[in-house]
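Residue numbers start at 1 and run along the sequence shown. Just so we're clear, the structure is a prediction, and the values are computed from it rather than from any experiment.
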Amino acid sequence: MNHFKEIIEQESQKEYYQKLHAFVEEEYRTKTIFPPRENIFFALKNTPYEYVKVVIIGQDPYHGVGEAHGMAFSVNPGIKVPPSLQNIFKEIHRDVGCYIPNNGYLLKWARQGVLLLNSVLTVEKDKPASHQGKGWEIFTDRIIEEINQKETPVVFLLWGNFAKQKQALITNKKHLVLTSSHPSPFAVRYGFDGCSHFSKTNQFLIEHQMAPINWQIDNI
């Protein structure tokens, strides 16, 4: 049983979530919204609670056609790799030597226990941050709080000021929190470049007798 499913069921009983649900339903009915409705919880489905070893927090989904599929930073196969993800791949190449792949589909990470969690799970086409402040943040904070309770150690990668705000939710001393600037072209040189978060993550996992992450995304 994926504990995330239980959390979704619990939250869906709450007033904030019912308002959020009504808002999101109406948005999908009347506008172009990403990701496709069936992929809203794609990250939670593909990295079950029990297997979470690493959490990477994004802000909200990509707002271009065909890009978002429900995992932070990841894009569908066949879609041009966005600038932030290009910078992530460059740092992985520098840090652990992986080649830079020809696609940005990060399902391979998810299946190894890397939860790619956006704080806001839906967005209107061409309107970044259009669904902020509607209730998603309450829901995803609950997800982070639940992961914080895990007995097994987890690495949290918080890139940029928005993600760093989530540090307050991570109080369990078992976990490792790594922070840097955002990998976007505007911020990458203020700390993300050279952060070595990928080798540091693996070092921590190995120290705790857990399998390291194979960061290599394969060419398609």
Side-chain angles (χ1 to χ4, degrees), residues 34-36 39-47 52-96 98-123 128-129 131-132 136-137 140 143-144 147 154-166 177-202 213-220:
F34 301 128
N39 283 345
I40 292 175
F41 297 120
F42 193 83
L44 300 177
K45 285 176 184 157
N46 282 283
T47 311
V52 173
K53 298 196 286 196
V54 181
V55 180
I56 298 176
I57 295 176
Q59 198 152 358
D60 64 343
Y62 294 120
H63 51 85
V65 174
E67 295 178 330
H69 65 92
M71 296 194 313
F73 293 105
S74 181
V75 287
N76 278 308
I79 295 288
K80 186 172 182 285
V81 178
S84 291
L85 185 52
Q86 287 178 25
N87 286 331
I88 291 169
F89 286 154
K90 282 178 193 164
E91 178 57 23
I92 291 172
H93 172 68
R94 189 206 64 78
D95 185 19
V96 294
C98 296
Y99 67 79
I100 293 175
N102 62 3
N103 70 95
Y105 191 56
L106 305 182
L107 187 62
K108 182 176 173 182
W109 293 357
R111 296 217 161 124
Q112 297 178 78
V114 181
L115 180 65
L116 297 157
L117 183 68
N118 276 319
S119 181
V120 174
L121 299 186
T122 52
V123 72
H131 286 186
Q132 280 183 14
W136 277 130
E137 296 90 341
T140 52
I143 296 288
I144 295 166
I147 296 168
V154 176
V155 183
F156 290 85
L157 303 181
L158 308 183
W159 300 331
N161 292 334
F162 178 84
K164 286 177 194 170
Q165 290 166 13
K166 304 300 178 186
V177 179
L178 298 174
T179 63
S180 77
S181 68
H182 197 275
S184 77
F186 309 105
V188 66
R189 63 185 175 278
Y190 298 111
F192 185 83
D193 267 353
C195 69
S196 301
H197 279 184
F198 306 95
S199 59
K200 286 174 182 172
T201 293
N202 280 349
I213 305 300
N214 175 2
W215 295 107
Q216 181 68 67
I217 296 297
D218 304 308
N219 280 338
I220 292 177

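Within the 3.5 Å criterion, the main-chain N or O of Asp95 finds no donor-acceptor partner in the side chain of Ser199. Using modelled atom types, one side-chain atom of Lys200 and one backbone atom of Cys195 make a donor-acceptor pair closer than 3.5 Å. Listed for the Asn102 side chain is no donor-acceptor partner under 3.5 Å among the backbone atoms of Asn219. For Asp60 (side chain) and Val120 (main-chain N/O), no donor-acceptor pair under 3.5 Å exists by modelled atom type. With hydrogens and angles ignored, the 3.5 Å screen pairs a side-chain donor or acceptor of Glu91 with a backbone N or O of Gly194. With hydrogens and angles disregarded, no donor-acceptor distance shorter than 3.5 Å links the side chain of Ser184 to the backbone of Ser84. Side-chain atoms of Asn103 come within 3.5 Å of backbone N or O of Asp218 as a donor-acceptor pair. Not one N or O on the side chain of Asn39 forms a donor-acceptor pair closer than 3.5 Å with the backbone of Gly70. Proximity of a side-chain donor or acceptor of Trp215 to a complementary backbone N or O of Phe198 within less than 3.5 Å is detected.
Separation of atoms NE2 (His197) and CD1 (Ile92) is listed at 12.0 Å; rounding is to 0.5 Å. One distance of note links CG of Asn161 with CD of Gln59; it measures 9.5 Å at 0.5 Å rounding. Atom-to-atom distance recorded for Ile213:CD1 and Lys108:NZ is 11.0 Å, nearest 0.5 angstrom. Here the straight-line distance linking atom CD1 of Ile57 with atom CD1 of Ile144 works out to 3.5 Å at 0.5 Å rounding. Between the CG atom of Leu44 and the CD1 atom of Ile143 there is a distance of 5.0 Å, given to the nearest 0.5 Å. Rounding to the nearest 0.5 angstrom, the gap separating the CD1 atom in Ile40 from the NZ atom in Lys45 is 9.0 Å.
In this structure the side chain of Leu107 reaches within 4.5 angstrom of the side chain of Phe42, judged on heavy atoms.
Within 6.0 Å of OH in Tyr190 there are 12 or fewer heavy atoms belonging to other residues, nucleotides or ligands.
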Report task. With side-chain contact (heavy atoms from CB on, under 4.5 Å) as the test, would you mind laying out the steps for Ile100 and Lys90 before giving the verdict? Result -> CA-CA 7 Å; Ile100 293 175; Lys90 282 178 193 164; 4.0 Å; yes
Query raised in the report: Given the rule in the side-chain contact (heavy atoms from CB on, under 4.5 Å) test, do Tyr62 and Asn76 qualify, once you have shown the distances and angles that lead to the verdict?
Result: CA-CA 11 Å; Tyr62 294 120; Asn76 278 308; over 6 Å; no
Requested in this report: Given ring pair (Phe, Tyr, Trp, His ring centres under 6.0 Å), test Trp159 with Phe73 step by step and report yes or no.
Outcome: CA-CA 11 Å; Trp159 300 331; Phe73 293 105; 5.6 Å; yes
Query raised in the report: Run the side-chain contact (heavy atoms from CB on, under 4.5 Å) check on Val114 and Thr201 step by step: do they pass?
Result: CA-CA 11 Å; Val114 181; Thr201 293; over 6 Å; no
Report task. Could you give me the CA-CA distance, side-chain angles and deciding distance for Val54 and Trp109, then say whether side-chain contact (heavy atoms from CB on, under 4.5 Å) is met? Result -> CA-CA 9 Å; Val54 181; Trp109 293 357; over 6 Å; no
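Taking all atoms of both residues into account, the shortest heavy-atom contact from Lys53 to Gln112 is CE-O, 3.2 Å. Looking at every heavy atom in both residues, Lys164 comes nearest to Ser180 through CE-O, 3.1 Å. For Gln132 against Glu137, the heavy-atom pair with the smallest separation is CA-OE2, 3.5 Å. Scanning all heavy atoms of the two residues, the minimum distance from Thr47 to Ala110 falls at OG1-O, 2.9 Å. Closest approach of Ile147 and Val52 over heavy atoms only: CG2-CG1, 4.2 Å. In terms of heavy atoms, Asn118 sits closest to Leu121 at O-CD2, 3.3 Å.
With sequence neighbours excluded, the residues that form a side-chain contact (heavy atoms from CB on, under 4.5 Å) with Ser74 are His69, Met71, Tyr105, Leu106. Judged as a side-chain contact (heavy atoms from CB on, under 4.5 Å), and not counting sequence neighbours, the contacts of His63 are Val123, Asp126, Pro128.
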